[in-house]
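Input: a single structure, listed below in structure tokens.
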Number of protein chains: 2
Amino acid sequence: MSRASDRAYDHIRNLILSGELSPGEQIREEALAELCGVSRTPVRDALRRLEAELFIRRNESQRSFVADWSLDDLEEAFQLRAMLEAYGARRAAKRISWDQLARLRSHNDAIRQAITASTPDIPKFLDHNRQFHAIVLEAAGSERLSGMLAQVIEQPVVLRTARQYDMENLKRSHHEHDELLIAFDNRDGEWAAAVMTGHIRRAFHAYAAAHSGDTEIHRTDEAA
Amino acid sequence: MSRASDRAYDHIRNLILSGELSPGEQIREEALAELCGVSRTPVRDALRRLEAELFIRRNESQRSFVADWSLDDLEEAFQLRAMLEAYGARRAAKRISWDQLARLRSHNDAIRQAITASTPDIPKFLDHNRQFHAIVLEAAGSERLSGMLAQVIEQPVVLRTARQYDMENLKRSHHEHDELLIAFDNRDGEWAAAVMTGHIRRAFHAYAAAHSGDTEIHRTDEAA
DNA sequence: CGACAGCTTATTGTATACAAATACCATTCG
DNA sequence: CGAATGGTATTTGTATACAATAAGCTGTCG
């Protein structure tokens, strides 16, 4: 896309993900414009996109705030994600190409290397994990589905999830990917969907366990 | 929302739904600005929203086109819609209030009246049908879900679906709503989800039957 | 005859100035 | 003392001018 608008988008998104903008905090277009070194026009553009992706909320009088999700909201996001990714896996099983299968295998190999190293390489795990899921989605071949999953996968709190993985969960994740590959090999959509459902739900419970002490049950504004 | 930006949104949306802008047609911001009687700024805003709702597509060099969906795309939209509305019904069964139940009943009564009149009142049916589904969604209490369904329900071609209903389908639709109400009365989420799944899938087949002769299997541009 | 380079035109992206709307605060009146 | 009202400041919305980019065309060269 356009340069300034994209820079603003990335910049603001990073500010949110890094926590420099805290959940519930109000956002002013001009302040962001200065931070990003662009005018308000591309900032407004970026805010619209981030709003569509639920990173940002707007109250009734158009003021913007960093979205702030409760644990309940988050569990629901995981449920939707499980449902949508399972659907994607079902479609992918019927459509995936040899090339895509090979790429999946390669990423899952990289994941294995990342977690069997003397000190687990979490960033590497996260990167290949992300690409693995992206390829499944690509094989599913549905733009609509891709758009919907974007709304549900990349939420700030969700993104932090994998960093909470303990060794046990990292290994399970790898093995679930393996099982998904076998389901794909057999073009068994139902199997693939079932594996994917479990995969995402396990990730949720890993998150919930890691965050059981958190007190993030407050929201900024209400919706009808 | 803002006045000019909203007017532009409604205006352009209507142009698409009415067919004055045909699927695949290129859209120029300035032309639309003149049509809407506003400047390009709010038009761009509206285009962004319509793009998020998949009414509009953009090619790699940022030119906008009216979205043009194949029958396959459409069936997939129906599948996603069935899945998401079933999920919504499952949630709604656990959360729906007496007031919401009463409103559902009232709308389904209006639907019965609309289709049992000497000449069926299709616009009335469509209006109350839309509100019925909106209340179920409201009872489900998930903004994320609402946003996703908006992407899938209001597609141009989908919107035209109900107009294709024959008398048989109109009656079935009414009875399915009735069954959904009983499932809600019993707080039976699984039943509600099952009824909703069938409800949407029947709607798809009604559409497919009515459009079996159409030759709309062409797309404007490709995506990766 | 085909293709490619360079120019021209069309279209979108960005900045800025100004208008409109909203929130915030102080003051006054009950 | 509290609530309502008014004015001021802050923030967002819109228009417009200009910059950047991409498309289309034409003329030339292989």
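All chains are named by letter (A, B, ...) in the order of the sequence lines, taking the proteins before the strands, and each is independently numbered beginning at 1.
Taking atom CZ of Arg40(A) as the reference point, atom C1' of dT14(C) lies 13 Å away to the nearest angstrom. The CZ-P distance, from Arg58(B) to dA23(D), rounds to 13 Å in whole Å. We find that CZ of Arg3(B) is positioned 6 Å from P of dA21(C), with the value rounded to whole Å. Following rounding to the nearest Å, Asn59(A) (CG) and dT11(D) (P) show an atom-to-atom distance of 13 Å. One interatomic measurement links the two molecules: CD of Glu34(B) to C1' of dA15(D), which rounds to 14 Å at whole-angstrom precision. Distance Arg48(A) CZ to dT12(D) P: 11 Å, rounded to the nearest Å. In this structure, the CG atom of Leu47(A) is 9 Å from the P atom of dT12(D), given to the nearest Å. In this structure, Asp6(A) places its CG atom 15 Å from C1' of dA20(D), rounding to the nearest Å.
For the residue pair Lys124(B) and Ala110(B), the shortest heavy atom distance occurs at CE-O, 3.7 Å. Nearest heavy-atom pair, Ser22(B) versus Val66(B), reported as atom, atom and distance to 0.1 Å: O-CB, 3.4 Å.
The local environment of CZ in Arg103(A) is crowded, with over 12 non-hydrogen atoms from other residues, nucleotides or ligands closer than 6.0 Å. The environment of Glu30(A) atom CD is sparse: at most 12 non-hydrogen atoms of other residues, nucleotides or ligands sit within 6.0 angstrom. Counting non-hydrogen atoms of other residues, nucleotides and ligands closer than 6.0 Å to CD of Gln26(A) gives a total above 12.
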Taking N or O atoms only and anything under 3.5 Å, show me the protein contacts with nucleotides 8-11 of chain C, one pair per line.
residue	atom	partner	partner atom	Å
dT11(C)	O4'	Arg63(B)	NH2	3.3

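The side chain of Ser39(A) places an N or O atom within less than 4.0 Å of a non-bridging phosphate oxygen (OP1 or OP2) of dA15(C). Phosphate contact (OP1/OP2 of dT12(C), side-chain N/O of Ser61(B), threshold under 4.0 Å): absent.
Ser106(B) and Asp109(B) form no side-chain donor-acceptor contact under 3.5 Å, judged by distance and modelled atom types alone. With no hydrogens or angles considered, no side-chain donor-acceptor pair links Asn108(A) and His128(A) at under 3.5 Å.
Applying the ring-ring contact (aromatic ring centres under 6.0 Å, His included) test to His133(B) and every residue at least two apart in sequence or in another chain returns His177(B), His199(B).
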## Note on the structure
Base-pair string, DNA chain D, Watson-Crick plus G-U, cut-off 3.5 Å on both distances, | for inter-strand, is ||||||||||||||||||||||||||||||
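Between Arg95(A) and Glu138(A) there is no salt bridge, since no side-chain nitrogen of the basic residue lies less than 4.0 Å from a carboxylate oxygen of the acidic one.
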